[in-house]
Structure formats: C-alpha cells, structure tokens
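One structure below.
Counting starts at 1 for both ligands and their atoms, in listed order.
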Amino acid sequence: MSEARILDGKALAASVRVKLAGQVVELKAKHGISPGIAVLLVGEDPASQVYVRAKGKAAAEVGFHAVERRLPATAREREVLQVVDDFNNDPKIHGFLVQLPLPKQVDPQRVIDAIDPSKDADGFHVVNAGLGAQGRGGVAPATPRGVLELIKLARSDLGGLEAVVIGRSISVGRPTAQLLIGENCTVTIAHSRTRKLADVARRADILVAAVGRAEMVRGDWIKPGAIVIDVGITRGADNKLVGDVAFDEAKQIAGAITPVPGGVGPMTIACLLQNTFALCKNLHGIVG
Ligand code: GUN
C-alpha cells in the first residue's frame, strides 16, 4: 500500500487566515469594527511563551486589535481574576483567554468560571462546554475545531465512521468527541484506564491522539487507511518535537495523517482567531 497523505495544517491554517483577513477588512469597512483579542500569560513557562507569542503574531497579521497582558509567576489568584474582569468589561476586546497552565496558587477552574462566556475565545467555560455537549453551538474549543477541519481535508462526509479519541481532557478529548458525534460518527473516548487500548484504536476509521505521551501510538495500532490526527507535541530526548503517534510507522499504514509539528498546532491558532471573529460579530449583533 502507498504511504499516507500528509494533512498539512500549516498550509490549511494559512488559507484560513487569508480568508479571515478578508472578512476583517469587510467588517471594518461595513461596520467600523476591528475584532479585539487579548491573552493573559501568568509566569514564564517557556512553551506558553512560545504559544502566546504565536497567537499575538497571527492575530495582528489578520488585522485584529491584539492585547497581551503578563503577570509574574508569583501573582495571586485575585490579580488574575482582576485582569479577567478588565477584559470582560473592555469593549475593544471581543474574545480572550488565559494561557494554561497557571501557577499552582491559582485555581484554573475559578479563573475559567470568571470569563464572560460571550468572550470565551477558548470555549472552555462551562456554558460553552454545555452548549457543545448538547449540540447547541456555543464556542467550540479551537484545537477540536482544527482537528475536525483536518479530518475533513481527508474526507468530507464522516457519517457512520468509527472514531476513537484517545484522551478525555476538557480542552481537547471531550469536545473533539462532541464535534465528531455532530458529524454522525460512532465515537469512543479512550483514556489511561482503557483496557486493550491498541485493540480499541485499531477499530478506528478516524483516530485522534491527544494524550501528551511521545510516540505512544504505534503503527500496528492503526487500521489500514485510517485518518490519524496527532494532537500531542512533546520534546524528545534529542530536543526534537514529536507527537503522540510514531509517525514513520503510522504513515505506512494510515490513509492520511497529520505531521508534528505543522499539523494540529497551526490550526489551533487559526481556529482561535475564527472563534474571536465570531464572538465579535455576536457581541455587535451582526448576523451572516
Ligand atoms: N495551553 C495550551 N493550549 C492552550 C489553549 O488552547 N488555551 C489555553 N488557554 N491555554 C493553553
């Protein structure tokens, strides 16, 4: 069998941003509004710094008003909540997020609960999660949206397919499963306590790996021809970025597969911008 098609997230994200930049120009021309996004970074986590910089750069490139706030790693929870309150009340900010993880003295749940759901760019607030769980829209988290777009590059109609999502996080595993249910897939959520994980994975026409364990998914876990989406990104011993899937093995078996880096990561940022654009229109009562 021939090698898998590589699903190029970098190229897809670039085309999403080009389209969005056009929509931003149109919104400004018709309504005099520039979408505003804000990011709060607490502390100096190196990976978070890289992500926050990438988000700010992408936002500015598509013509958003982009704000970055920083607090030291020693910040108290009430200082973080104060910034959230500032963003909630700032009419120039239409969507924002607090970069995770947070220092241990700050409870992420309390922080997320304080975000106005109508400005929740990440879609992590319980109101948006609840709307998503009931298939009633709301803001879907950016990474799952990106995952779905990448799957649809490989195949547009997903109805009736077996999907296995490895990982049950609030940010990725669960909302990805919800989106796939919305596409009429039969969905299994597997996790660290799942028995015979390799056998479960081998059932999948669509396999999404979101566990954060380097190259855990081996080639023989994959059904021939499957669509494989790798959400993981960890730095190996040789400082190389690797995903949750053993790529070189998997690409011999899969029908389509995302690379790491250059797969899901760029799509997460593009979808975050799309979320913020949609929130901006909602907040201004603009339809269509
Ligand atoms: N840290 C890693 N990914 C994310 C994300 O998508 N949103 C936030 N807020 N923090 C993150």
Side-chain angles (χ1 to χ4, degrees), residues 9 13 16 37-59 64 66-71 73 75 77 80-81 83-84 87-88 93-104 106-117 119-129 132 138-150 165 167-176 178-179 208-213 229-235 241 243-244 258 260-261 263-279:
V16 169
I37 185 169
V39 179
L40 171 61
L41 174 60
V42 187
E44 260 112 60
D45 180 66
S48 291
Q49 291 188 17
V50 172
Y51 295 142
V52 167
R53 207 173 310 129
K55 287 171 187 177
K57 184 168 169 270
F64 282 20
V67 172
E68 188 185 313
R69 286 275 297 269
R70 284 183 180 236
L71 287 172
E77 189 175 277
V80 176
L81 292 173
V83 176
V84 169
F87 290 157
N88 281 341
I93 300 301
H94 304 102
F96 70 94
L97 62 94
V98 179
Q99 187 69 23
L100 303 175
L102 286 164
K104 61 183 181 320
V106 183
D107 178 357
Q109 206 54 71
R110 223 172 279 153
V111 172
I112 292 166
D113 285 352
I115 294 171
D116 178 341
K119 290 194 173 189
D120 176 24
D122 264 333
F124 291 174
H125 192 282
V126 68
V127 165
N128 286 313
V139 183
T143 298
R145 287 194 52 192
V147 165
L148 187 58
E149 295 288 318
L150 285 160
V165 179
R168 54 179 155 179
S169 69
I170 302 297
S171 53
V172 184
R174 289 172 202 232
T176 298
Q178 305 291 2
L179 291 180
V208 180
V211 275
R213 284 185 57 187
I229 307 293
D230 191 347
V231 184
I233 185 157
T234 33
R235 222 168 257 286
L241 289 172
D244 289 347
T258 58
V260 175
V264 173
M267 282 304 291
T268 291
I269 298 182
C271 291
L272 176 74
L273 301 176
Q274 281 186 324
N275 275 351
T276 304
F277 187 78
L279 291 172

Q) Considering distance alone, does some N or O of L100 sit under 3.5 Å from an N or O of ligand 1? A) yes
Q: Might you work through the side chain to side chain contact (heavy atoms under 4.5 Å, CB included) test for T234 and R213, ending with a clear yes or no?
A: CA-CA 7 Å; T234 33; R213 284 185 57 187; over 6 Å; no
Q) What residue and heavy atom of the protein are closest to atom 4 (C) of ligand 1, and at what distance? A) Q99 NE2, 4.0 Å
Q. Looking at ligand 1, does any of its N/O atoms fall within less than 3.5 Å of an N/O of T143?
A. no
Q.
Quick check against the 3.5 Å criterion: does N275 have a side-chain atom that pairs as donor or acceptor with the backbone of P141?
A. no
Q: For L97, take its heavy atoms, then give the atoms of ligand 1 lying under 4.0 Å from any of them.
A: 9 (N)
Q. Would one find an N or O of T268, backbone or side chain, under 3.5 Å from an N or O of ligand 1?
A. no
Q | side chain to side chain donor-acceptor pair (under 3.5 Å) pairs, two or more places apart, involving residues 263-273 | A | T143-T268
(Q) Only heavy atoms of D122, strictly under 4.0 Å: list the atoms of ligand 1 that pass. (A) 5 (C), 6 (O), 7 (N), 8 (C), 9 (N)
Q) Out of V127, T276, L279, which residue meets the side chain to side chain contact (heavy atoms under 4.5 Å, CB included) rule with V139? A) L279
Q. Would you say ligand 1 has an N or O under 3.5 Å from any N or O of F124?
A. no
Q. Where the side chain of K119 meets the backbone of N88, is there a donor-acceptor pair that is under 3.5 Å apart?
A. yes
Q) Is a donor on one side and an acceptor on the other found under 3.5 Å between the side chain of R174 and the backbone of R168? A) yes
Q) Taking non-hydrogen atoms only, is V98 closer than 4.0 angstrom to ligand 1 via side chain, backbone, both or neither? A) backbone
